[in-house]
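Some notes on the structure that comes next.
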There are 2 protein chains.
Amino acid sequence: MTDQMTRITLARRPEGTPVPEDFGLKKGPLPEVSKGEMLVEVQTLSLDPYMRGRMNAVKSYAAATEIGDTMPGQGVGRVIASQVDGFAEGDIVVGATGWASHAVLPGDGAFKWDKAAPPSTALGVLGMPGFTAWTGLREYGRPKAGETLVIAAATGPVGAMVGQLAKSAGLRTVAVAGGAEKCRLAVEKFGFDAAVDHRAHADESAMRSALAEACPDGVDIYWENVGGKVLAAVMPLMNDHGRIPICGTIAWYSGVNSTEDRLPMAWRNILTKRLSVNGFIIFDHWDDYPDFVEKLAPKVAAGDIAYLEDVTEGLENAPQAFIAMLSGGNTGKTLIKVS
Amino acid sequence: MTDQMTRITLARRPEGTPVPEDFGLKKGPLPEVSKGEMLVEVQTLSLDPYMRGRMNAVKSYAAATEIGDTMPGQGVGRVIASQVDGFAEGDIVVGATGWASHAVLPGDGAFKWDKAAPPSTALGVLGMPGFTAWTGLREYGRPKAGETLVIAAATGPVGAMVGQLAKSAGLRTVAVAGGAEKCRLAVEKFGFDAAVDHRAHADESAMRSALAEACPDGVDIYWENVGGKVLAAVMPLMNDHGRIPICGTIAWYSGVNSTEDRLPMAWRNILTKRLSVNGFIIFDHWDDYPDFVEKLAPKVAAGDIAYLEDVTEGLENAPQAFIAMLSGGNTGKTLIKVS
């Protein structure tokens, strides 16, 4: 234990893909804890694609991060001082710690982790990504046995969970992933029925042919994680009354690269096939989180739901790990081991 | 009465905006009527934007019209020979007559019109357009008192009905229409709270400023009739949890004119604002049509729901009237008085 706190800040707003110089590293004394708060020593930090959006000045669904502020994020850690009833020194908690070695959390902003599954799963398969998959598939995907689901970033923490939940509901599941190794993982570890390597199908029409082959009965649910080429390729394959939950558009986070207006194509497909397209933000659904953990934690602990973690050691390496993740360099849930 | 039948055919597939040469006129003997059918002398024919889509070779939600075939469409007419139980000579019926002076309809493809409202209303305010408005607003618009609705083609038969239904549900209703006269009609005849003239706001940002001024509390329901510039302008004004029922994209029917890819913008708005975008085709909902007529016909007959018809005399003038309608040259429901 130390009396110093380290944090990674937003040094400047990235243009396109972030570079290491967009981040800063600051040290300072440990913060004081007031009534109703606890001080947490962060053990593991979660890196997620949504954070790229927070680096822009534009208000998204959450406020933009200000220059000089700590990068936002979820972490798990150990309580080292508590002035909150019900939380004691030594408790393991999950909360919005930010990219930092220590964090002050309010009592209603900390979730005590007392499950059989390891604490790091509270950031991945049993955390925001897994909960996103569970909520979005139920509410906006509305899967029916015999249907076909397509998802990109399929070995990521959201994709892997969506695939496993859909498979267990009786759907044909088709993964899109980058590279032969991730395609192998999608099928062998996460049980997808087929996997399409987007790196092996550089242009949209090659991607569409590969997807059409993997989806002989068309596509009923396209889970939108990426936008870009995959979306353009899958739209014409959608079946009537298909559903598209929009969870992220990572391919567009760092800029737009098509010179063709694809909105008319998308709108025409939505209209003529009576598609249902719903954006959703998991922060609207937190009330259901305890129910999700209750139901899924035993399955994770028993090994019935597979997950994969990509762990980088050291808070100071978070920017590099984040940049690598945005270009698909991670395999599984990206985590930083902080202490 | 004549023993000749006249019909307007698709002579060739239009490129972009249709021209008169894309249509043919054919005459022939009156068709024979078999058991289970009736012969109808068409009195009034409906022209609707969706017909433009049918002229393309591409399969849309309905099969494309073949070259040489009668242009498809709904009409009202008088039964002049019937071999269907329950339908007699002299009955007024509504059905898929096509662009023709006469049509053979099967018993289950004819709806007997015995309401107090005039038969022509069965093609507009009480027909497919009115029913489209009623169904789409209820199921996909989900209006709540105090919200704001924006609709383009607001003085058209769908738009006028959506506006009146939303207004009576307690919403602020904002019309987009082409020209000062249609804007006046929108407010004075159809009760919209405000109207924005899209001809007076040529580019997207001018349109957006005008809409922002007309919608001080943002937009909760954008009823999509047009696509194009209006959609691009309204997207950033959408409120969280807004709804976009997609009913048509007339601005794009004859080709696409933006060089910027607007799909990322649309997808980002849908995601960050948790919008619900639903395409729908009224043909999926015909089971509810009798219920709609039962509820709405008395209001139309009593003058509680306003409507406007734009009537052209003579079947041979249908192509010109259709072309004019596609560019907004009509005012109200476009009808052809056939006989």
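Lettering follows sequence order; numbering is per chain, from 1. Bear in mind that the values here come from a model prediction, so they are computed numbers and not experimental data.
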Quiz prompt | W223(B) ring center within less than 6.0 Å of Y140(B) ring center | solution =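 Ring-ring flag for Y140(B)/W223(B): false, centres at least 6.0 Å apart.
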Quiz item: Just checking, is any N or O donor in the side chain of D69(B) or T65(B) under 3.5 Å from an acceptor N or O on the other one?
Solution: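 No - no donor-acceptor pair under 3.5 Å links their side chains.
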Self-check item: Check ion pair K333(A)-D48(A) (N to O, under 4.0 angstrom)
Solution: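 A salt bridge is present here (some side-chain N lies under 4.0 Å from a carboxylate O).
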Self-check item: ring pair (Phe, Tyr, Trp, His ring centres under 6.0 Å) pairs, two or more places apart, involving residues 225-251 of chain B
Solution: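 Ring pair (Phe, Tyr, Trp, His ring centres under 6.0 Å) check on residues 225-251 of chain B returns no pairs.
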Quiz item: By salt bridge (Lys or Arg N to Asp or Glu O under 4.0 Å), which residues pair with R142(B), not counting sequence neighbours?
Solution: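 R142(B) satisfies salt bridge (Lys or Arg N to Asp or Glu O under 4.0 Å) with no other residue.
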Self-check item: side chain to side chain contact (heavy atoms under 4.5 Å, CB included) against A175(A), all qualifying residues, sequence neighbours excluded
Solution: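 Testing A175(A) for side chain to side chain contact (heavy atoms under 4.5 Å, CB included), a comparison that skips the adjacent residues, returns A154(A), A186(A), F192(A), A195(A).
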Quiz item: Does anything in residues 230-237 of chain B get under 4.5 Å of chain A by heavy atoms, and if so which residues?
Solution: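 From residues 230-237 of chain B, the residues near chain A are L231(B), M235(B).
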Exercise. Against chain B, work out which of D284(A), I244(A), N269(A) has the most heavy-atom pairs shorter than 4.5 Å and name it.
Key: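 So the answer, after comparing D284(A), I244(A), N269(A), is D284(A).
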